[in-house]
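Contents: one structure, followed by commentary.
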Amino acid sequence: MTMLTGWRTRAANLPPILNAEEPKGPWGGGSGGEDGGAGPRNPWAVPPGGRRPASAKPTALDELLKRARGGNGGGGGGFGGMPGGGSARALWGSGAALIAGLWIVFTAVHAIGPQQRGVVTYLGAYAGTLDPGIRVTLPAPFATVRKLDVQKIRTDNFPVGDAENLMLTGDRNVVDLAYAVRWDIANPQDFVFELADPQQTVRDAAESAMRQVLATTTFQQATGVGRTVVETRVAEVTQEILNSYKSGVRIQGVSIKQASAPARIIDDFNAVTAAQQEAVANLNNAQSYAGQVVARAEGEAAQFNKVYEQYRLAPEVTRRRMYYETMEAVLARSDKTVVETPGVTPYLPLKRATPLPPPPEQQAMPQAGGGQ
């Protein structure tokens, strides 16, 4: 009897939360334990045979449970052994308010960057587009916001990796083409709701436009100076296709990085190219020669017109002059043989003649001067 009284005295000094009925604790009743009970001993119970040391400090869990119950006193237990009463309801209310506040802050307040736009949907339906800044909407799941970077330039490369990208040109040649398409978002609403896979849609439209343009372009134009025309035309056709889809995508440009014959026929292609270049060179030489002949003929015709004008003024003189000039031009480049008729004395070279003596008058004058 004395032992039972002591046990009750010790149980009265326990913390209120532990002063509960035996079967309600998660570790079994208070009468079990090492003294012969069926279940494990309560870890917060006083060890058998004595109280806790007076100097032992309460644990953090003890302090939490004490504040939850509003001090040492309190009513009965709450849900799952937790404290109940007015204090418990206030604690649960504070926790619920905190969770609701965090939920609203993270789902209803949106920071939209300068390069972004926010597409808002209310229960799945489009409700508007948010401009840059701090914007507030209804919390999730009533409203959702999808942020899109409308200033980012996206680039799609064709083909992906090092694979071949063979296309047929208008002159029935095969070209291995590598190019890139640059695009951005022009209309966030259409971009989100009109396209299931925007990037794949852009790729399909760009490839279709490239094949369409090359079908009207020769191989030389696609691989040479006509690249700029092909790039501009492909960008225009791709934009037309995407506009028909209401895609909200704007094509910034198309750039051809490589355009050449396939690797497997590069030798044959080089031979054909060399032959074509030789044909072009021969054609240019023929045209140049033809131009020279025509120019010379035109010059001779102009000269003849001048001579004809002179002939009309003096026919006999002009005819004789033309004869002399013609004979002079013909005989100037040929050997000449002179044939003489009989009875004509040829030219005989004369020897140098001796000087004649002076006249007698000149011979007599010096003699007369000497006698005087």
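Quick caveat: nothing in here was measured; it's all calculated off a predicted structure. Atom set for the values below is all heavy atoms of this structure, side chains included, hydrogens, waters and symmetry mates excluded.
- Using modelled atom types, no side-chain atom of Thr318 and backbone atom of Pro315 make a donor-acceptor pair closer than 3.5 Å.
- When atom types are taken as modelled, the side chain of Thr238 and the backbone of Val234 share a donor-acceptor pair closer than 3.5 angstrom.
- Residues Val280 and Leu283 are members of separate hydrophobic clusters, defined by side-chain heavy-atom contacts under 4.5 angstrom among Ile, Leu, Val, Met, Phe, Trp and Tyr.
- Put simply, the side chain of Arg172 never gets that close to the backbone of Thr169: no donor and acceptor are under 3.5 Å apart.
- Listed here is the closest heavy atom pair of Ala180 and Thr155: CB-CG2, 4.1 Å.
- A salt bridge is absent between Glu309 and Lys306: the closest approach of a Lys/Arg side-chain nitrogen to an acidic carboxylate oxygen does not fall below 4.0 angstrom.
- Judged purely by atom type and a 3.5 angstrom limit, Trp103 uses its side chain to pair as donor or acceptor with the backbone of Ala140.
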Using the rule given for side chain to side chain contact (heavy atoms under 4.5 Å, CB included), can you reason through Val181 versus Ile251, listing the C-alpha separation, both sets of side-chain angles and the distance that settles it, and then say yes or no? CA-CA 8 Å; Val181 177; Ile251 299 299; 4.1 Å; yes
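- A side-chain donor-acceptor contact under 3.5 Å links Ser94 to the backbone of Ala90.
- Under a 4.0 Å N-O distance rule, the pair Glu325/Arg321 qualifies as a salt bridge.
- With a 4.5 Å cut-off on side-chain heavy atoms, Leu168 and Leu214 do not count as touching.
- Grouping the Ile, Leu, Val, Met, Phe, Trp and Tyr side chains by contacts below 4.5 angstrom, directly or via other members, places Val119 apart from Val145.
- Residues Tyr324 and Arg320 have side chains that bring a donor and an acceptor to within less than 3.5 angstrom of each other.
- Judged by distance alone, the side chain of Asp149 and the main-chain N or O of Gln151 form a donor-acceptor pair under 3.5 Å.
- Val174 and Ile256 fall into different hydrophobic clusters, defined by Ile, Leu, Val, Met, Phe, Trp and Tyr side-chain heavy atoms under 4.5 Å apart, directly or through other members.
- Note: Phe158 CZ to Lys257 NZ = 10.0 Å, rounded to the nearest 0.5 Å.
- Scanning both residues, Phe193 and Gly124, for their nearest heavy atoms gives CE2-O, 4.4 Å.
- Side-chain contact between Tyr179 and Leu177 is present, with at least one heavy-atom pair separated by less than 4.5 Å.
- To the nearest 0.5 Å, atom CG of residue Leu166 and atom CZ of residue Arg264 are 6.0 Å apart.
- In this structure the side chain of Val229 never reaches within 4.5 angstrom of the side chain of Gln221, judged on heavy atoms.
- When the options Thr137, Leu138, Thr129, Thr144 are evaluated for a side chain to side chain contact (heavy atoms under 4.5 Å, CB included) with Val120, the one that passes is Thr137.
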Step by step, work out the salt bridge (Lys or Arg N to Asp or Glu O under 4.0 Å) result for Arg203 and Glu207. CA-CA 6 Å; Arg203 292 186 63 87; Glu207 185 173 3; over 6 Å; no
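- Note: Glu194 CD to Thr201 OG1 = 11.0 Å, rounded to the nearest 0.5 Å.
- In this structure, Leu123 and Pro141 approach most closely via the heavy-atom pair CD2-O, 4.1 Å.
- Counting only distance, with no hydrogens or angles, the side chain of Ser244 and the backbone of Ile241 share a donor-acceptor pair below 3.5 Å.
- Contact detail for Arg250 and Ala186: the closest heavy-atom pair is NH1-CB, 3.4 Å.
- Heavy atoms of other residues, nucleotides or ligands lying less than 6.0 angstrom from OH of Tyr245 number 12 at most.
- For the atom pair NZ of Lys152 and CD1 of Ile185, the computed distance is 9.0 Å after rounding to the nearest 0.5 Å.
- The neighbour count for Gln199 CD, taken as heavy atoms of other residues, nucleotides or ligands under 6.0 Å away, does not exceed 12.
- Under the 4.5 Å side-chain heavy-atom criterion for grouping Ile, Leu, Val, Met, Phe, Trp and Tyr, Ile112 is connected to Tyr122 within one hydrophobic cluster.
- Salt bridge status for Asp190 with Lys246: absent, with no side-chain N to carboxylate O gap under 4.0 Å.
- Annotation: Tyr311 is not in aromatic contact with Phe304 [ring centroid separation under 6.0 Å not met].
- The shortest non-hydrogen separation linking Pro132 to Pro114 is CG-O, 3.7 Å.
- Within the 4.5 Å cutoff, the side chain of Met210 has heavy atoms near those of the Met167 side chain.
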Go through Gln310 and Val307 one step at a time and tell me if the side chain to side chain contact (heavy atoms under 4.5 Å, CB included) criterion holds. CA-CA 5 Å; Gln310 298 297 327; Val307 174; 5.5 Å; no
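- The side-chain heavy atoms of Phe191 and Pro198, taken from C-beta on, include a pair separated by under 4.5 Å.
- Summarising the geometry, atom CD belonging to Gln276 is positioned 9.5 Å from atom CZ belonging to Phe219; distances are rounded to the nearest 0.5 Å.
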Evaluate the side chain to side chain contact (heavy atoms under 4.5 Å, CB included) criterion for residues Gln116 and Val150: first the C-alpha distance (whole Å), next the side-chain angles of each, then the deciding distance (0.1 Å), finally the verdict. CA-CA 6 Å; Gln116 294 178 333; Val150 297; over 6 Å; no
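- Crowding of Gln287 atom CD: a count of heavy atoms from other residues, nucleotides or ligands under 6.0 Å exceeding 12.
- At least one donor-acceptor pair under 3.5 Å links the side chain of Gln239 to the backbone N or O of Val249.
- Put simply, NE2 on His110 and CD1 on Ile134 are 10.5 Å apart, with the number rounded to the nearest 0.5 Å.
- Under the 3.5 Å distance criterion, the side-chain polar atoms of Thr217 are left unmatched by any main-chain donor or acceptor of Ala222.
- Under the 4.5 Å side-chain contact rule for hydrophobic residues, Val192 and Trp183 share a cluster.
- A distance-only check finds a donor-acceptor pair linking the side chain of Arg135 to the backbone of Asp131 [under 3.5 Å].
- Shortest non-hydrogen contact noted between Ala205 and Leu242 is CB-CD2, 3.9 Å.
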